Amino acid sequence: MWRNYHKRRGTCAMLSDSCGRMRSMKTQHLLLSRGDANLPRKTSPQQPLESIAVPRLSRSAVIAVAIFLIAHLALLIGLTTPEKFVFDEVHYVPAARQMLAPVMSQPMLNPMHPPLAKELMAASIAAFGDNALGWRYPATLFGALAIVAIYLCGLALFSARGPAIAAALIAGLNQMLYVQARIAMLDIFALGFGLLATAAFMHGFRRERPQTMFAAAGALFGLAAACKWSGLFPLGVCIVIVAVIRLMQGWRTLFADARPDDWYRPELWPGLKLHHLALCFAILPALTYLAAFVPLNGLSLPDLFEAQRRIFADNTTTAIAGHTYMSSWPSWPLLARPVWFLFDKTAEDNVAAIVFLGNPLVLWPALLALIIVLRDFIVARRWDAFLIAAFYFGPWLAWALLPRTLGFIYYYLPAATAASLALVYVLRRHGMPRWLLWAYVGVAAAGFAVMLPISAAFIGASMNSFNRLMLFQSWI
């Protein structure tokens, strides 16, 4: 009798375990039918979580590589037209040439900016020759990396590859990035490193142990600043975000109706200590920044300090003389004053033009999207809206704090690129049809095609076409 009791008890346990598995599989099937983005499509009850994450990661990596290759090849088309200097290439290419001399001549050219971007140009000139390809090739690499970085930001924010790809496409279809990625200037290098750092920070933001991602972000921010000091702006955004969250945690702040998608949570980053923050956002950025000066200045501390003093003096002096294409920071989102990088008459009725303007069908709708993003950050406290707003407004409004009166619309490039994330955020909101996001990508592509003749010199445009595209008097 006792044996029969144990036998029946074992049978019941087996049936209970079987029913539990069936309920788990049924729940999993229900989640899949609802389209849960975070659940893999093929799972089994015995399959470990680590083995599930690997194929998802590999697919995302393959897509990132594909985006890079496609963007890079697209940016290379017609790169060597014109074969002469365009706009500020007249400052940066001679500085890169000077670095290739066996003995560095004096005075140093272009000492008002850090050397990393010019060192990369010098390496390209050494590899491809002192010609238009050699000058501009590194810019295409970093333009493609910037588009990949937006894709990685999209993965962190939206937890789905489709919206992340759409964000990368919209960023690439914005003429600002396209034009800047085909000219030997410094901004695209700072953008590429800065957006990769931003992606790392976004991926670490919701993790229990974000130290690795934050450290990667800090090192990349240092490289961005080593190209141009404006690369420090998004690093400042990260420091402010971490400081505010740590301050609220120190005050034991609580939201009365706390939700999982709040940008602030009292239990965020439990293992992140003060020395981790110092390493990630101060020591690592400083080390990678200063490393760029070693090929020029060696390990001489007086020379390193003098280089920083000179950069600071040149970049904080209030400009007195005006410039034909200068504009102020409030006008940049409105595309009020573009910069003409090139305008050459190639025939009686044809011109080769490169106008740094941006795609109006991307940047003007983005202003409406940003209003919704701000609303969701303030009212709904959404963490994704919070990060998008921070990395749009931070790098843009930082220019309002500088004493310089001389500004150009290409300073808006980092914020304009981050605006693609705001557009995707709004177009994939609950209740929006899925096709609407991809329809908008098509609209952005149409705007890009219309503006391309005045964005790429190798295409050219008739005078009539050029005049039609100059919609406002301030654009001329």
Side-chain angles (χ1 to χ4, degrees), residues 37-38 49-50 52-53 56-57 60 149-160 164 193-225 231-289 373-374 376-395 398 418 421 425:
N38 296 318
L49 182 61
E50 292 80 3
I52 295 172
R56 293 186 65 202
L57 177 62
S60 297
I150 288 293
Y151 167 72
L152 298 176
C153 290
L155 286 179
L157 293 169
F158 309 129
S159 301
F193 282 127
L195 285 177
L196 287 172
T198 301
F201 181 83
M202 287 181 172
H203 277 275
F205 185 79
R206 300 276 286 179
R207 292 191 178 188
E208 186 174 337
R209 295 183 56 82
Q211 288 91 326
T212 301
M213 285 298 176
F214 284 1
L220 288 164
F221 279 132
L223 295 175
L232 291 171
F233 294 160
L235 172 60
V237 171
C238 294
I239 292 172
V240 170
I241 289 173
V242 172
V244 168
I245 289 175
R246 278 296 189 235
L247 188 63
M248 293 175 70
Q249 289 174 334
W251 289 344
R252 302 184 184 278
T253 304
L254 295 172
F255 290 141
D257 56 338
R259 295 185 293 268
D261 59 354
D262 283 341
W263 66 269
Y264 164 75
R265 292 178 303 169
E267 73 278 7
L268 198 62
W269 314 324
L272 193 64
K273 306 300 182 185
L274 182 60
H275 65 274
H276 294 140
L277 298 176
L279 176 66
C280 294
F281 299 115
I283 297 173
L284 281 175
L287 289 176
T288 54
Y289 171 79
V373 167
L374 275 177
D376 282 2
F377 155 49
I378 296 169
V379 177
R381 306 193 304 260
R382 289 183 59 96
W383 72 274
D384 44 4
F386 167 64
L387 290 180
I388 293 171
F391 286 103
Y392 172 82
F393 288 102
L421 297 169
Y425 172 88

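No experiment lies behind these values; they were computed from the predicted model shown.
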Side chain proximity check, [X] to [Y], heavy atoms < 4.5 angstrom:
X      : Y      : answer
Leu421 : Phe391 : no
Ile245 : Trp263 : yes
Leu374 : Tyr392 : no
Phe386 : Asp376 : no
His276 : Trp269 : no

Exercise answer: donor-acceptor pairs, residues 207-217 side-chain atoms, under 3.5 Å, sequence neighbours excluded:
| residue | atom | partner | partner atom | Å |
| --- | --- | --- | --- | --- |
| Arg207 | NE | His203 | O | 3.4 |
| Gln211 | NE2 | Gly271 | O | 3.2 |

Can you see which heavy atom on [X] is nearest to which on [Y], and at what distance?
X      : Y      : result
Ala164 : Gly154 : CB-C, 3.7 Å
Leu279 : Pro285 : O-CD, 4.1 Å
Ala390 : Ile241 : CB-CD1, 3.9 Å
Cys153 : Leu195 : SG-O, 4.1 Å
Pro270 : Lys273 : O-NZ, 4.0 Å
Gly194 : Ala224 : N-CB, 3.8 Å

With sequence neighbours left out, what residues match [X] under side chain to side chain donor-acceptor pair (under 3.5 Å)?
X      : value
Arg246 : Gln249
Tyr289 : Trp229, Gln308
Asp384 : Arg382
Arg381 : Asp257, Asp262

Fill in: Between CD1 on residue Ile150 and CG on residue Leu196, distance to nearest 0.5 Å
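Taking CD1 in Ile150 and CG in Leu196, the distance rounds to 10.0 Å.
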Item to complete: Starting at CZ of Phe221, measure out to CG of Leu235 and round the result to the nearest 0.5 Å.
Response: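 Going from the CZ atom of Phe221 to the CG atom of Leu235 covers 6.0 Å.
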Discussion item. Taking Leu157's backbone N and O only, do any of them form a donor-acceptor pair with Trp383's side chain (distance below 3.5 Å, no angle check)?
Written reply: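 Judged by distance alone, no pair lies under 3.5 Å.
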Fill in: Residues that Ala219 engages under side chain to side chain contact (heavy atoms under 4.5 Å, CB included), provided they are two or more places apart
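With neighbours one apart ignored, the set is Thr288.
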Practice prompt. Decide yes or no on side chain to side chain contact (heavy atoms under 4.5 Å, CB included) for Tyr425 and Leu387, but give the supporting numbers first.
Written response: CA-CA 11 Å; Tyr425 172 88; Leu387 290 180; over 6 Å; no
Item to complete: Test side chain to side chain contact (heavy atoms under 4.5 Å, CB included) on Trp251 and Leu247 and set out the steps.
Response: CA-CA 6 Å; Trp251 289 344; Leu247 188 63; 3.6 Å; yes
